[in-house]
Amino acid sequence: MLDWLLPPLCIACRNPVGSHHALCPHCWKGVAFITAPVCERLGTPLAFDLGPGALSPAAIAQPPAFDRARAVFRFDDVGRALIHALKYGDRLEVAVALSGWMVRAGRDLLIDADALVPVPLHWTRLVARRFNQAAELSRHMAAQTGLANEALLLRRVRRTRHQVGLTRAQRLDNVTGAFRIAEDRKGWVRGKRLVLVDDVLTTGATIEACCRVLRRAGAARIDVLTAARVVEGPFAVHI
């Protein structure tokens with residue numbers, strides 16, 4: 001009866017599908033899933049399988065502040081539509097599907113992690129948007145994996161400009177000093193293996209700022225798991 005009243009629709013194009021929180025065949029084919037081989041650090045596609053632990057030139061030239069990153073798909077076409085539906089369209093049901101894909105894509109990061117840490121929004125943006133998309137993703141992932149969801153561990157203490165249109169240097173400057181660990185949780189971070197969760201990784205400036213704060217507090221390992229990431233060119237990305 002519920003399916004008759006609210007028939008399942010594709011989470012990307014809104015055409016009818018067989019089950020809730022799913023993609024239609026056309027949109028499924030349009031998702032640019034990121035699969036092996038990938039760079040061990042950045043999680044970006046590699047042109048050739050170079051064996052376990054292979055690093056991309058970008059990871060060697062500019063090692064990131066995190067240990068490993070993984071993403072489900074490239075931020076283009078259908079992937080962009082999914083992220084925008086969640087982030088700007090108040091389509092919270094999209095988070096259910098994305099979180100399941102993220103758990104599968106990041107299984108190597110999650111298997112011995114201590115907690116999930118969503119990238120926070122500044123309170124003014126949280127009020128305007130009514131929810132934090134990263135926290136929605138980590139909430140569903142925690143329910144699926146049994147991992148702790150430390151949604152209040154990181155705080156965004158300074159409202160920053162929107163990152164769209166900024167260069168990497170401008171983005172890094174924009175988020176410098178924007179994040180802090182909650183005072184009552186600083187001691188807890190030491191020695192922990194954490195997985196930062198966000199919807200999309202672009203230049204990585206926001207993630208880098210979060211990682212620096214967690215690293216200073218003594219986190220033993222910091223991995224990053226996102227639904228989407230920007231991949232420049234066929235096999236490269238600049239973090």
Side-chain angles (χ1 to χ4, degrees), residues 41-43 63-71 83 86-87 92 95 98-99 102-103 106 109-110 112-164 166 168 170-229 239:
R41 292 292 299 277
L42 302 182
F66 50 80
D67 292 285
R68 297 171 295 176
R70 296 293 182 268
I83 297 300
L86 170 62
K87 196 169 185 174
L92 295 181
L98 296 186
S99 62
M102 290 168 70
V103 167
L109 314 185
L110 300 170
D112 61 348
D114 293 306
L116 303 168
V117 181
V119 172
L121 289 176
H122 190 264
W123 71 267
T124 56
R125 288 218 171 96
L126 185 58
V127 168
R129 193 174 291 169
R130 301 184 300 281
F131 68 95
N132 175 3
Q133 69 278 0
E136 281 297 303
L137 291 169
S138 67
R139 179 172 70 87
H140 288 294
M141 290 170 59
Q144 295 172 50
T145 63
L147 288 172
N149 182 27
E150 292 290 336
L152 301 179
L153 179 67
L154 279 177
R155 295 177 52 220
R156 197 162 193 149
V157 295
R158 181 170 62 80
R159 177 163 179 157
T160 56
R161 288 186 293 160
H162 285 291
Q163 300 274 62
V164 178
L166 300 181
R168 181 176 185 275
Q170 290 171 329
R171 287 175 181 242
L172 288 169
D173 183 63
N174 190 37
V175 294
T176 298
F179 299 96
R180 237 177 249 170
I181 296 173
E183 287 296 327
D184 61 342
R185 302 295 283 159
K186 285 184 176 179
W188 177 88
V189 174
R190 183 167 299 280
K192 292 296 189 296
R193 297 160 297 190
L194 305 175
V195 177
L196 271 174
V197 176
D198 208 356
D199 56 339
V200 59
L201 190 143
T202 50
T203 63
T206 298
I207 291 294
E208 291 273 325
C210 291
C211 288
R212 286 195 292 268
V213 170
L214 293 170
R215 197 72 78 183
R216 284 198 296 269
R221 191 182 76 206
I222 307 169
D223 294 323
V224 177
L225 186 53
T226 61
R229 74 166 306 148
I239 294 298

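Since the structure is predicted, the reported quantities are computational estimates derived from the model, not experimental observations. In this chain, numbering begins with 1 at the start of the sequence shown.
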Would you please test Phe66 and Leu42 for side-chain contact (heavy atoms from CB on, under 4.5 Å) and show each step?
-> CA-CA 9 Å; Phe66 50 80; Leu42 302 182; 4.1 Å; yes
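- With Leu196 as the partner, the side chain to side chain contact (heavy atoms under 4.5 Å, CB included) test is satisfied by one option alone out of Leu116, Asp223, Leu214: Leu214.
- The line from CD of Glu183 to CZ of Arg185 is 13.0 Å long, rounded to the nearest 0.5 Å.
- Remark: His122 NE2 to Arg155 CZ distance equals 9.0 Å, nearest 0.5 Å.
- Taking a 6.0 Å sphere around CZ of Arg193, one finds it holds more than 12 heavy atoms contributed by other residues, nucleotides or ligands.
- Closest approach of Leu86 to Ala95, counting heavy atoms only: CD1-CB, 4.0 Å.
- For the pair Glu208 and Ala65, the tightest heavy-atom approach, listed with the atom from each and the gap, is OE2-N, 3.0 Å.
- In this structure, CD1 on Ile207 lies 11.5 Å from CZ on Arg212, to the nearest 0.5 angstrom.
- Side-chain atoms of Asn132 never come within 3.5 Å of backbone atoms of Arg125 as a donor-acceptor pair (strictly under, hydrogens ignored).
- Minimum heavy-atom separation, Arg156 to Pro120: NH1-O, 3.3 Å.
- Within 6.0 Å of CG on Leu92 lie more than 12 heavy atoms contributed by other residues, nucleotides or ligands.
- Inter-residue side-chain proximity for Met102 and Val197 is flagged as met; some heavy-atom pair is nearer than 4.5 Å.
- Contact between Gly191 and Asp114 at its shortest, heavy atoms only, is O-OD2, 4.3 Å.
- Contact of the Asn149 side chain with the Pro118 side chain is registered, since non-hydrogen atoms from C-beta on lie closer than 4.5 Å.
- Leu98 is listed as a side-chain neighbour of Ile83, based on a closest heavy-atom distance under 4.5 Å.
- Heavy-atom minimum distance, Arg139 versus Glu136: NH2-OE1, 2.9 Å.
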Working for side-chain contact (heavy atoms from CB on, under 4.5 Å), residues Leu121 and Phe131 | CA-CA 9 Å; Leu121 289 176; Phe131 68 95; over 6 Å; no
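- Scanning all heavy atoms of the two residues, the minimum distance from Gln144 to Ser99 falls at NE2-OG, 2.9 Å.
- Residue-environment remark: CZ (Arg215) exceeds the threshold of 12 foreign heavy atoms within 6.0 Å.
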Give the intermediate values and the outcome of side-chain contact (heavy atoms from CB on, under 4.5 Å) for residues Glu150 and Leu194.
-> CA-CA 9 Å; Glu150 292 290 336; Leu194 305 175; 5.9 Å; no
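- Taking CZ of Arg229 as the start and OG1 of Thr203 as the end, the distance is 10.5 Å to the nearest 0.5 Å.
- Contact check for Arg68 versus Leu109: side-chain heavy atoms found under the 4.5 Å cut-off.
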Would you please test Ile181 and Val213 for side-chain contact (heavy atoms from CB on, under 4.5 Å) and show each step?
-> CA-CA 7 Å; Ile181 296 173; Val213 170; 3.5 Å; yes
